[in-house]
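This report concerns only the one structure given below.
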Number of protein chains: 2
Amino acid sequence: MGQFVYFCPNFQPLFNMKRQFIILFALMAMALTTNAQGFFTPTVNSPEIAKDGSVTFKVKAAGADTVRLIIDTRVDTLMKHTGNETWSITLRNLEPDLYMYHYIIDGMKVLDNENANVLRDVKNVMNTFVLDPMGDSPVAVHDVPHGEVRAVWYDSPTLGMKRRMMIYLPPGYEESRQKYPVLYLLHGTGGDETVWLEQGHAAQVFDNLIANGQAEPMIVVMPNGHTDTPAAPGMGSDNNEQPTFAHKQWMEGTFETSFNDIINWVDSHYRTRPVKRYRAIAGLSMGGYHSLYISANQPEDFAYVGLFSAAIGRMDKGKSKIYDDLESKLITQFKQHPRLYWMGIGKDDFLYKDNAEFRQLLDKNRLRYTYHESGAGHEWANWRDYLVIFTQLLFK
Amino acid sequence: MGQFVYFCPNFQPLFNMKRQFIILFALMAMALTTNAQGFFTPTVNSPEIAKDGSVTFKVKAAGADTVRLIIDTRVDTLMKHTGNETWSITLRNLEPDLYMYHYIIDGMKVLDNENANVLRDVKNVMNTFVLDPMGDSPVAVHDVPHGEVRAVWYDSPTLGMKRRMMIYLPPGYEESRQKYPVLYLLHGTGGDETVWLEQGHAAQVFDNLIANGQAEPMIVVMPNGHTDTPAAPGMGSDNNEQPTFAHKQWMEGTFETSFNDIINWVDSHYRTRPVKRYRAIAGLSMGGYHSLYISANQPEDFAYVGLFSAAIGRMDKGKSKIYDDLESKLITQFKQHPRLYWMGIGKDDFLYKDNAEFRQLLDKNRLRYTYHESGAGHEWANWRDYLVIFTQLLFK
């Protein structure tokens, strides 16, 4: 592979462009480009999404022995050498969704330099694309009214710090005087306050469902569930912090017992309907665990509970009082008639058995819940789906 | 290099962690990790920033012939094979700043998989870190009150579309009833509404300068300067749009002539002081060009103008009336006494000559401006510096 291929901006000459414009473009690009020699090297177009939904990946890799394409947990395949130093593969029958992928070239992880759209999964940075051949995917951006997304710093007196969280306000919020219901949406142990917006495409999901009349306009609050850190990596005062699964504080009760700080801040800063009937809490994995215990300990606060592949386990006893006496707490919670207690999990999820045991506990006590079993495992394809399903059931 | 090395989350076993926690961590990580075989492969720590400000980069690259480290336009150096399949280099005397870097391994661009913090420069995705050995860099996150950042969609009747822009509100905005001055901060041709926050670390700069009393609390408005697109790539309805230098509409007048839509939206949505005395406009490269012409055509609207490496040229005549008669417009503008007309440019900038000619035009007419000449060229290290300098001069 040419040494400089990967530095090239995607230069597409414009028709009717005056010569001096071309020169300016070139100069600016060269000035901004580390290795200007490669500026006019032709590049490949990747990924190329056809109208029928097939996706073609191409990568320049001169002299490589093997080139693999990895997409999430869904695809791991060898690419074919198609000449001109280029390796290629076309995939058909991918479901409409958000995808994350990268290449392995002779054992080395390499990103697709033709695609500047990237996301990270915990510490793994990957390219991303949206596949939406029918133009109706709820995770794609559509030409509908868009809500506002805010990064705010709320005060947590319980934890003694300011903490960052993301807020989604529905389209029209600023122009109306209406009060809105609130969904608290929690992330997993590898995530932070940004991950539902990034990997979850939550703003797109809410924009689309609200525009289609499939969901009520709502405020969505996405806090950071790790109380040992104020914010996502790079946003707190450890400038070069790395994302990690291993936090100093983890499911030991501090997030749950400080949660009222978030509710109070939200109710005092936004036009909410600050009553149980218009308050929902849901989360994935660790966030499902948080949602379970926050709602069980505060039975008068949430009418809607969503457990997405929840990290329900037996490791919690003795760490905090909030984890004690779960069964009797659930009985108390359900006596107050939550309008929805929703569980979603994939057949292959490593937490499937724990969730099944939790369902047995609910069944034994005749506590009514809605159960959604999907394929696949502990992964974002499921969590985006669960969000789309769950959100349509809220506040009706 | 081991095939799976790059999939490993940075697993740091915790003290006093119960066995079941460890198992759960491992299971979750394996479930979320494409190639679980590599989970326990030891990894290197990179970049490692020592207290004296030296930075050590390490990368695993078994069997590689050459490994190069590229940092912005500042460093391009070979790394040394230091055994155990690892290549390494230590750099000293780097200035405190935000850095972007990547590796070239046998001619192939590879990111540092030990560092999940990435940014893109136009289409080039790179790793990033903040170097702040003294703890006083204005571009680093410090433990100071943080402003709020909002992604909003404003209505542009002139362009007939909703468009995305970023808003910085100073700490305390939500709790106060105060009115604030406004800085309109514009990006270059390769940028979008997010780039001042991303590569520019603008929120950090404003947080720090305001906390230190070096800048007035202000609202900062960061619109998208490309009128052929509503938003940054991936945020508009072309879900897989790629960033590019080459836009269909580019310095042809539509951004400047629709700018009042932005001012009107901002003044009607925020507690601004909606008069010239409390309004500033600044931008880099194309954004400097926009700032020049918007302020020259609307001499009653901006008391402060900042041209950062402005793309001042002679290519603009005849494209729009707003580019005609610049000299007489400037004379009119300066008769109304802007409080600050600030220009910054690097000695090596490819636009240096154009800026020098523009200064001659100002000099010839005895129009008073502030001129800041730095080293280096058309690059973010300069633009972050200019922002820090310029911001301290506003609204005093």
Side-chain angles (χ1 to χ4, degrees), chain A residues 1 3 6-7 9-12 14 18 20-21 24-25 27-29 31-32 34 70 73 107-111 113 116-118 120 122-125 129-130 132 140-143 146 148-153 174 189-190 233-234 236-237 239-240 242-246 269 313 315 350 377-378, chain B residues 1 3 6-7 9-12 14 18 20-21 24-25 27-29 31-32 34 70 73 107-111 113 116-118 120 122-125 129-130 132 140-143 146 148-153 174 189-190 233-234 236-237 239-240 242-246 269 313 315 350 377-378:
Chain A
M1 172 176 2
Q3 190 153 356
Y6 285 109
F7 296 97
N10 193 14
F11 184 77
Q12 301 165 322
L14 303 181
K18 289 179 186 161
Q20 52 209 3
F21 265 76
L24 180 60
F25 267 133
L27 284 169
M28 293 179 82
L32 294 173
T34 315
I70 316 275
T73 57
M108 199 157 53
K109 177 188 165 187
V110 176
L111 292 190
N113 290 282
N117 298 320
V118 295
R120 70 171 167 81
V122 194
K123 202 174 170 179
N124 195 1
V125 176
F129 66 95
V130 172
D132 183 25
V141 180
H142 296 292
D143 191 14
H146 300 297
E148 190 172 317
V149 173
R150 300 182 178 179
V152 305
W153 289 80
E174 280 277 36
T189 185
S237 49
N239 284 271
N240 301 307
Q242 293 298 323
T244 175
F245 282 107
H269 283 74
M315 74 294 282
F350 71 93
H378 208 70
Chain B
M1 173 175 2
Q3 190 153 357
Y6 284 110
F7 296 97
N10 194 13
F11 185 78
Q12 299 163 325
L14 304 181
K18 289 179 187 162
Q20 54 209 2
F21 266 76
L24 181 60
F25 268 133
L27 283 170
M28 292 180 83
L32 294 172
T34 315
I70 317 274
T73 57
M108 197 157 56
K109 177 188 166 188
V110 176
L111 292 191
N113 289 281
N117 297 322
V118 295
R120 70 171 167 80
V122 196
K123 203 173 168 178
N124 195 1
V125 176
F129 66 94
V130 172
D132 183 26
V141 180
H142 296 292
D143 191 14
H146 300 298
E148 189 172 317
V149 174
R150 299 182 179 180
V152 305
W153 290 81
E174 280 276 38
T189 184
S237 48
N239 284 271
N240 300 305
Q242 293 298 324
T244 175
F245 282 107
H269 282 75
M315 74 295 283
F350 70 94
H378 208 69

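Lettering of chains follows the sequences in order, A, B, ..., and the numbering in each one begins at 1. Computed from a predicted structure; not experimentally measured. Atom set for the values below is all heavy atoms of this structure, side chains included, hydrogens, waters and symmetry mates excluded.
In this structure, CG in A:Asn239 is found 6.5 Å from CG in B:Asp132, a value given to the nearest 0.5 Å. Atom-to-atom distance recorded for B:His269:NE2 and B:Arg150:CZ is 10.5 Å, nearest 0.5 angstrom. Here the CD atom belonging to A:Gln242 is positioned 4.5 Å from the NZ atom belonging to A:Lys123, to the nearest 0.5 angstrom.
Residue B:Val130 touches chain A through both its backbone and its side chain, counting heavy-atom pairs closer than 4.5 Å. In this structure, the portion of A:His142 lying under 4.5 Å from any heavy atom of chain B is its backbone and not its side chain. Interface remark: A:Val152 contributes backbone and side-chain atoms alike to the contact with chain B (heavy atom separation under 4.5 Å).
Counting heavy-atom pairs closer than 4.5 Å to chain B, the top-ranked of the candidates A:Val118, A:Val125, A:Asn117 is A:Asn117. The greatest number of non-hydrogen atom pairs below 4.5 Å with chain A, out of B:Ala140, B:Gly234, B:Gly377, is found for B:Ala140.
Across all their heavy atoms, A:Val122 and A:Pro243 have their closest contact at O-CG, 3.3 Å.
Residues that satisfy the side-chain hydrogen bond (donor to acceptor under 3.5 Å, both in side chains) test with B:Arg120, not counting sequence neighbours, are B:Asp192.
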